[in-house]
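Bear in mind the structure is a predicted one, so any value in this text is a computation, not a measurement. Values below: every heavy atom of this structure, side chains too, minus hydrogens, waters and symmetry copies. First listed ligand is number 1; within each ligand, the first listed atom is number 1. Start at 1 with the first residue, then count along the sequence.
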Amino acid sequence: MIPNGTLTLNADPAGIAQAADLLRQGLLVAFPTETVYGLGGDARNGAAVASIYAAKGRPSFNPLIAHVASIEAAQRFVTWSDQAEALAAAFWPGPLTLVLPLRPNHGISSLVTAGLDTLAVRVPAHPAARALLSKFDGPVAAPSANPSGQISPTTAAHVLSGLNGRIAAVLDDGPCGVGLESTIVGVAREPALLRPGGVSLEQIEAVLDTQLHHHQPGDALNAPGQLQSHYAPDAPVRLNASTAQGDEVLLGFGPVGCDLNLSAKGDLAEAAANLFAALHTLNDTGRPIAVTQIPEHGLGAAINDRLRRAAAPRNG
Ligand code: TXA
Ligand code: MG
């Protein structure tokens, strides 16, 4: 436990400087990105990275994303390629993570990569994240800032509800804009979609001018740590519902009658931004959750991926 509890820092120059100092000391700081709040630690410091796994209660086979301030910073750690360049030019800073081969003498803790010879890297777009990464001037390993298996946080209050007293600080800069984690694309070999997310498959295929290989569920080698039951609220979740049954609360999309609507006008970007906060709100009712159908195209693929995990049989 942190003796004086978790500090809440404002995303102003003083707060950013203090957050960077805490990272330099090997301590953990949760910070906003445009996708979700990340739980950051110095990616070169094995003890700091170990404490990320400990704070989250996360299975140690699940590798982490290294967050950096710029393409140049990413190139210090991974072997670059034309495909990486095309994707980074199109989507960085932004909600895209690239998995690339590690360079010799990269200095990244093997706890970040879980012993793989590749590294997941991304340049986030959120101004507070960019300011923190520039000030810290090093790679920050950061999974989503929630206890393992629970709903991802899109506000500082969500972070504190799961991790208060277990991390040094949270940098508070309001709700996250995208609300879904980054899309993960493997470009170490043939380009492959490892996790759907904030940039759609269609957008990525348009830039690469080729079709991506798809991650097969259970394909542990491609995307370690893609546990099926994930993002799980406490209550059961039922998908493709048309009405609530029994005690259920109904989460809707589009022009439907429901208790809470992800986007009454049927806008998938708005639905993505609202998804995790809606699951937190409905979870707090203590009632089972039913969700109406959501289209599978564009950001809908990532929303449905998260909802299927929330509805999957629990790992116990
Ligand atoms: O939007 C996001 O990506 C957020 C924010 C904080 O940046 N982060 C996030 O991290 O979602 P996390 O730890 O919840 O998810 C990281 C994913 C895991 O599914 C992991 O398996 C995959 O990245 N991953 C990390 N390194 C990898 C690698 N070398 N090869 C394949 N997959 C990797
Ligand atoms: Mg996560």
* Structure fact -> Checking heavy-atom distances from atom 6 (C) of ligand 1 to each of A192, S148, P32, G38, the winner is G38

* Transitively linked via ILVMFWY side-chain contacts under 4.5 Å: V256 with I289? -> no

* Considering the heavy atoms of A142, write down every atom of ligand 1 situated less than 4.0 Å from one of them. => 6 (C), 8 (N), 10 (O)

* Structure fact -> Of L64, N146, L116, the one whose closest heavy atom lies nearest atom 28 (C) of ligand 1 is L116

* Asked: For ligand 1, does L194 get within less than 4.0 Å through its side chain, its backbone, both, or neither, judged by non-hydrogen atoms?
  -> side chain

* Has the side chain of R195 got a donor or acceptor atom that lies under 3.5 Å from a matching backbone atom of S182? -> yes

* To do: Would you please classify the geometry between the H280 ring and the H158 ring as parallel, tilted or perpendicular, with 30° and 60° separating the classes?
  => parallel

* Asked: Where does T118 meet ligand 1, judged by heavy-atom distances below 4.0 Å: at the side chain, the backbone, both, or neither?
  -> both

* In this structure, which one of R122, R130, H67 forms a side-chain hydrogen bond (donor to acceptor under 3.5 Å, both in side chains) with T33? -> R122

* Would you kindly confirm whether L201 and L98 end up in one hydrophobic cluster when ILVMFWY residues are joined by side chain heavy atoms under 4.5 Å apart? => yes

* To do: Determine, using heavy atoms of I184 and all atoms of ligand 1, whether some pair is separated by less than 4.0 Å.
  => yes

* Contact check: R195 vs ligand 1, nitrogen or oxygen atoms, below 3.5 angstrom -> yes

* Can an N or O of T33 be found at a distance shorter than 3.5 Å from an N or O of ligand 1? -> no

* **Under 3.5 Å: N/O of Y37 near N/O of ligand 1** => no

* Under 4.0 Å from ligand 1, counting heavy atoms only, is it the side chain of S144, its backbone, both or neither? -> both

* Does any N or O in the side chain of Y53 come within less than 3.5 Å of the main-chain N or O of L111, such that one atom is a donor and the other an acceptor? -> yes

